Amino acid sequence: MATEQIAKRELAKAYDPKEVEDKWYRLWKERGYFHEEPDPDREPYCITIPPPNITGSLHMGHALNNTILDAMTRWHRMRGYCTLCLPGTDHAGIATQAVVEKELAREGLTRQELGRERFVERCWQWREQYGTRIYHQFERLGCSYDWERVRFTMDPSYVDAIMEEFRSWYERGLIYRGTRVVNWDVRYQSAVSDIEVITETRPGKLYHFRYPFADDSGHITIATTRPETMLGDTAVAANPNDERYKPLFGKMLRLPLTERRIPLIADNYAKPEFGSGAVKVTPAHDLDDFECGLRHNLPQVVVIGKDGKMTEAAGPRYAGLDRFEARKRIIEDMEALGLLEKIEDYGIQTPISDRSGEIIEPLLSEQWFVDVKPLAAPAIEAVKQDKIRILPERYKAIYLHWMENIRPWCISRQLWWGHRIPIWWTEEGGARRHAFARSREEAVAALGTENVWQDEDVLDTWFSSALWPHATLGWPRQTRDLEYFYPTNLLSTAQEILYLWVARMIMTGLDFIKRPAATTSENDGLLEPDGKTRAIIPFRDVYIHATVLDEHGQRMSKSKGNGIDPIDLIDRYGADATRFSLMQQAGKNQDIKYSEQRTDVAGNFCNKLWNASRFVLMNLDETVTGQLPPEGARTVTDRWILSRLNETIQTVNERLMSYDMDDATRALYQFLWNDFCDWYVEMAKPRLRAEGAERETVQNMLAFVLETTLRLLHPITPFITEEIWQALPHEGESILFAPYPQPNPAWNDPEAEAAMAATIETTRALRNLRAELGIAPSTRLSAAVLAAEPDLRAALTANADLIATLARLNALDLVEQAPSGQTGKWVGTPITGGEVFLEIGEALDLGKELERIEKELAAVAKEIERAETKLQNPNFVQRAKPEIVALERERLAEWQEKRARLEERWRLFGG
RNA sequence: GGGCGAAUAGCUCAGCCGGUAGAGCGCUUCGUUUACACCGAAGAUGUCGGGGGUUCGAGUCCCUCUUCGCCCACCA
């Protein structure tokens, strides 16, 4: 196949991304290019991709991230690393349960009607059917992931890892059962963790209620945004230093609408400056109140149930009402009792469940928690010591701050889809006991009775994804993959899951993966207190990519309908263009306003590459090897393009290394379009018309530079580069494994760069003259260059013919002195170190030419004035760095010379 | 309430260690020159958000204000 391509040495006339991309992806995959076995003779490079939810389909954030991941993978593969990029998916507890429940609802069913077992079966069916759709989308994007190593967070081997994690933490007492106020999602009827709650300021009301003293000696006013919780109040608190309440502490109040008597207590939690200074305390429905309640031994009265409806404890008048219905009735009732003092408009900080969008109900309930403090300590150290690098650097501080203030992690979820908590219970004589067990048998053995049942809850999805890097590589088994590929190299992800996921992977990695210090390097992790083992980091670099927003800077969301579908972009512009445009915008920025115009531009770039390649290919003889011609054969332009290429190679490698993909992409764009196409290819044209050595040299140069550029571009635009590379003379079976270009100091050539700069300036000056005089490009003229400076003369000697061709002239002569006495035939304009002239025949309008010269003179005068002012400032001359002063003097001299030449022409034309 | 980021041409964005403000798109004028009109050539376009400060010199460093965005936070 590949050999047929080589023999053809041509490309289709029009670039069709779809055809090229489908063909190559199939081939790469068939040939197993993405799969590598551990190779001890090479360095490993490994990425375990952030597993998308099985409910997910590719969005722009995925497209950006996976382009970055694949580009990094391809770059390292080409650099000779033994490379693994491991894909997978996440079972996504709440999200999946939600879609399956929705599906059931269409059939008129609820999960309760179906029963747990059958519901979980339905979830599995769903995942079989739709759970891997996104893999195909990754393929469309060109991701070179190892499809032989895909992992799912509910694979049996992955479950082993979760069991091991749970067992270890449970046995060490890090997992505990606790009764606390948790964030309750009323829609899904499950607890969610703090970081799955988003706070929104919503317009609302602040209600001021009066609570009378039990002895009818007056009342205390309290304020609340959630009146329905008052039914669960078990105290009113005021600040111990609040003079207004000091004499009253200990007195009892009558809680309106109930028969309850509650005390006025003193607690620092009450802020004297807020409202009346007194605050109602509802230990069962507010985290602060809960803690306050613990301090004062207050009863906890649950008045809102898990379904969001009022409980029996709320009293017969309210029980069974929805929480917001109850709120209305309570306000009415309080008003009727004359206990509603006032209602104010108020912006309420409202907790919203990230998943369901429901208002979170803080609720007292029994849950499983992980005490993460001891796990956080090493995770802080590893980042502080830069064993793990977090980029852009600003996220390091954010991470550290969060980790240092980390709170217990609620890991139980009242869902059915997920990993059921491996805890078994038994009850004897009213006393309950529990033990860790992977199965009923283990449970019976552990608890010593047949009367056992498993905990009903499942684990937080992040409890499983926290193990991703090592569990996907085989842990808890000591596999070859784990040994070789761990620690992984890069974790690139969105900023919103820095805490949810990244922090937790760092904690589990360091906690579970330990290796003998002697066999590891200092960079691999943290030395344990015993001095003999090392806790190993999960990855070396964390890169936080930008958020992709729409072109108006709005977050893309389904409800707003402003999302861009990357697959749609790929269909219309090609995966290469989509990837290129994403990489062009992927740097250290916080967000990307994505406009389709960027993809369009990237598509044009691919097209340009395609056509330039067609040109090169159609000008190659069969004998061309694509080897770099020997130094002696290279012309100034050849040396120049090599020098430019070398700089590009250096920039691209450096910038990829620091995750400045935007800079790398820009450098490639500019090199290919401006240096290679605009100048080198144009200058190659006349040389290709020559015969023999001259033609052969330029053919080989074109092939060599283009082939190198393709390799440089391949991580960003994999498909088009493979297609063209196969048609060019090349070594190897696929560009995937071709060596990535490395800088070669020998190609660095300031002399050639200077000569080309002069050539370009001269060409432009001539074109500009022509355009300003309105001479049709088809009119052939003669021109002359007066090279007053030896440098300019040297630079131009070799390129005069090329300049003539590029400026579309009959001939360009290098002359000793300005053509004079021929007013009306010659026009001229100064350039650096000399002057260019165009012989335009008799048609010149003298008045117009004078005007043109005067315009130029005015511009030059401005520059001279600026430089002179600067140089006349004694402070500048004395204090600025000498080389800066010298440079300024040089510039002034240059401008003065230009002025002299212009003035001379002005006089010549009768000014 | 804390923290972070952004503000540069009409639009989207580059500008590293302070030393003559750049690109792409759009715009104007030309153009079928044997790769490309998804192109080429020539052009026009800026109080670098405001105000202070440091400096011979500030888009770049410091302070401050304004606007927008993000993250964190238990204020009823």
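Just the heavy atoms: all of them, side chains too, but no hydrogens, waters or symmetry mates, feed the values below. In what follows, every chain begins at residue 1, and chains take the letters A, B, ... in the order their sequences are listed. Everything numeric here is computed off the predicted structure, so don't read it as measured data.
Counting distance only, with no hydrogens placed and no angle test, the side-chain atoms of A:Gln584 and the base atoms of B:A23 include no donor-acceptor pair under 3.5 Å.
Closest approach of A:Lys898 and A:Ile831 over heavy atoms only: CE-C, 3.7 Å.
Residue contacts for A:Cys606: at a heavy-atom cut-off of 4.0 Å it reaches no nucleic acid atom on any strand shown. In this structure, A:Glu888 reaches neither bases nor backbone, as no heavy-atom distance under 4.0 Å exists between it and the strands shown. Within 4.0 Å (heavy atoms only), A:Tyr15 reaches no atom of the nucleic acid at all. Nucleic acid contact for A:Glu682: base, since at least one base atom lies under 4.0 Å from a heavy atom of the residue. Using a 4.0 Å heavy-atom cutoff across all strands shown, A:Asp289 reaches no nucleic acid atom at all.
The side chain of A:Trp673 sits closest to B:G40 out of B:G40, B:C38, B:A35. Proximity note for A:Asn611 (side chain, C-beta onward) versus B:C72, B:G19, B:A35: the nearest is B:A35. In the set B:C71, B:A42, B:G69, B:G69 carries the atom at the smallest distance from any side-chain atom of A:Asp591. The side chain of A:Lys13 lies closest to B:C36 when the candidates are B:U20, B:C36, B:G40.
Remark: C1' of B:C13 and CG of A:Asp660 are 15 Å apart, rounded to the nearest angstrom. In this structure, the CG atom of A:Asn875 is 19 Å from the P atom of B:G19, given to the nearest Å. Taking atom CG of residue A:Leu809 and atom P of nucleotide B:U33, one finds them 17 Å apart after rounding to whole Å. Atom P of nucleotide B:U33 and atom CZ of A:Phe615 are separated by 15 Å, given to the nearest angstrom. Atom CD1 of A:Ile198 and atom P of B:C70 are 11 Å apart (whole Å). With rounding to whole Å, A:Arg695 atom CZ is found 12 Å from B:U34 atom C1'. Atoms OH (A:Tyr669) and C1' (B:C13) sit 13 Å apart, rounded to a whole Å.
Side-chain nitrogen and oxygen atoms of A:Arg808 include none within less than 4.0 Å of the OP1 or OP2 phosphate oxygen of B:U33. Note on A:Asn604: a side-chain N or O is less than 4.0 Å away from OP1 or OP2 of B:C39. A close approach under 4.0 Å does not occur between any side-chain nitrogen or oxygen of A:Lys608 and OP1 or OP2 of B:A35.
Residues that satisfy the side-chain contact (heavy atoms from CB on, under 4.5 Å) test with A:Leu871, not counting sequence neighbours, are A:Phe876, A:Val885, A:Glu888, A:Arg889, A:Leu892. In this structure A:Trp679 satisfies the ring pair (Phe, Tyr, Trp, His ring centres under 6.0 Å) test with no other residue, sequence neighbours excluded. Applying the side-chain contact (heavy atoms from CB on, under 4.5 Å) criterion to A:Leu549, with sequence neighbours excluded, gives A:Thr547, A:Arg555, A:Asp591. By the side-chain contact (heavy atoms from CB on, under 4.5 Å) test, A:Asn268 is found to be paired with A:Asn239, A:Pro240, residues two or more places apart in sequence or in another chain being considered. Not counting sequence neighbours, A:Asp801 has no partner by the side-chain contact (heavy atoms from CB on, under 4.5 Å) test. Residues passing the side chain to side chain donor-acceptor pair (under 3.5 Å) test with A:Thr832 are A:Glu761, sequence neighbours excluded. Applying the ring pair (Phe, Tyr, Trp, His ring centres under 6.0 Å) criterion to A:Trp725, with sequence neighbours excluded, gives A:His730.
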(Q) Once pairs are restricted to Watson-Crick or G-U wobble with both distances under 3.5 Å, how does RNA chain B read as a dot-bracket string, [ ] for crossings and | for other-strand pairs? (A) (((((((..((((.....[..)))).(((((.......))))).....(((((..]....))))))))))))....
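Between B:C62 and B:U55, the distance separating the two P atoms is 16 Å to the nearest Å. B:G22 and B:C16 have their P atoms separated by 14 Å, given to the nearest Å. Look at the P atom in both B:A9 and B:G49: the space between them is 8 Å, to the nearest Å. If you take atom P in B:C17 and the same atom in B:A44, they sit 31 Å apart, rounded to whole Å. Separation of the C1' atoms belonging to B:C11 and B:C27 is 12 Å when rounded to the nearest angstrom. For the P atoms, the distance linking B:G3 with B:C13 amounts to 27 Å, nearest Å. Taking atom C1' on both B:G51 and B:U67, the two are 15 Å apart, rounded to the nearest angstrom. Between B:G2 and B:A73, the distance separating the two C1' atoms is 7 Å to the nearest Å.
Test A:Leu838, A:Thr779, A:Thr763 against A:Leu809 for side-chain contact (heavy atoms from CB on, under 4.5 Å) and you get one pass: A:Leu838. Each of A:Val652, A:Thr651, A:Asn653 was compared with A:Arg655 under the side-chain contact (heavy atoms from CB on, under 4.5 Å) criterion, and only A:Thr651 meets it. Partner of A:Phe209 under the side-chain contact (heavy atoms from CB on, under 4.5 Å) criterion, chosen from A:Met334, A:Glu341, A:His219: A:Met334.
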Distances for protein N or O near nucleotides 74-76 of chain B N or O, under 3.5 Å:
residue: B:C74; atom: OP1; partner: A:Arg407; partner atom: NH1; Å: 3.0
residue: B:C74; atom: OP1; partner: A:Arg407; partner atom: NH2; Å: 3.4
residue: B:C74; atom: O2'; partner: A:Asp288; partner atom: OD2; Å: 2.6
residue: B:C74; atom: N1; partner: A:Asp288; partner atom: OD1; Å: 3.2
residue: B:C74; atom: O2; partner: A:Asp288; partner atom: OD1; Å: 3.1
residue: B:C74; atom: O2; partner: A:Asp288; partner atom: OD2; Å: 3.3
residue: B:A76; atom: OP2; partner: A:Tyr346; partner atom: OH; Å: 3.1
residue: B:A76; atom: O2'; partner: A:Ala223; partner atom: O; Å: 2.3
residue: B:A76; atom: N6; partner: A:Lys271; partner atom: O; Å: 2.7
residue: B:A76; atom: N6; partner: A:Phe274; partner atom: O; Å: 3.1
residue: B:A76; atom: N1; partner: A:Lys271; partner atom: N; Å: 3.1

With 3.5 Å as the limit, what N/O pairs link the protein to nucleotides 43-48 of chain B?
residue: B:G43; atom: OP1; partner: A:Asn768; partner atom: ND2; Å: 2.3

Short heteroatom pairs, N/O only, protein and nucleotides 3-11 of chain B, under 3.5 Å:
none

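Within 6.0 Å of atom CD in A:Glu404, more than 12 heavy atoms from other residues, nucleotides or ligands are found, so the atom counts as buried in its surroundings.
A donor-acceptor pair shorter than 3.5 Å can be found between the side chains of A:Asp289 and A:Tyr269. Side-chain contact annotation: A:Tyr15 with A:Glu723, donor-acceptor N/O pair under 3.5 Å absent.
Residue whose closest nucleotide on RNA chain B sits further toward the 5' end, between A:Arg598 and A:Arg891: A:Arg598.
Both tests pass for A:Lys685 against the ring of A:Phe615: distance under 6.0 Å to the centre and angle within 45° of the axis.
For B:C17, the glycosidic angle deviates from 0 by 90° or less, giving a syn base.
Residue pairs meeting the salt bridge (charged side-chain N to carboxylate O under 4.0 Å, His left out) criterion with at least one partner in residues 264-287 of chain A, sequence neighbours excluded, are A:Arg226-A:Asp286, A:Asp233-A:Lys280, A:Asp267-A:Arg295.
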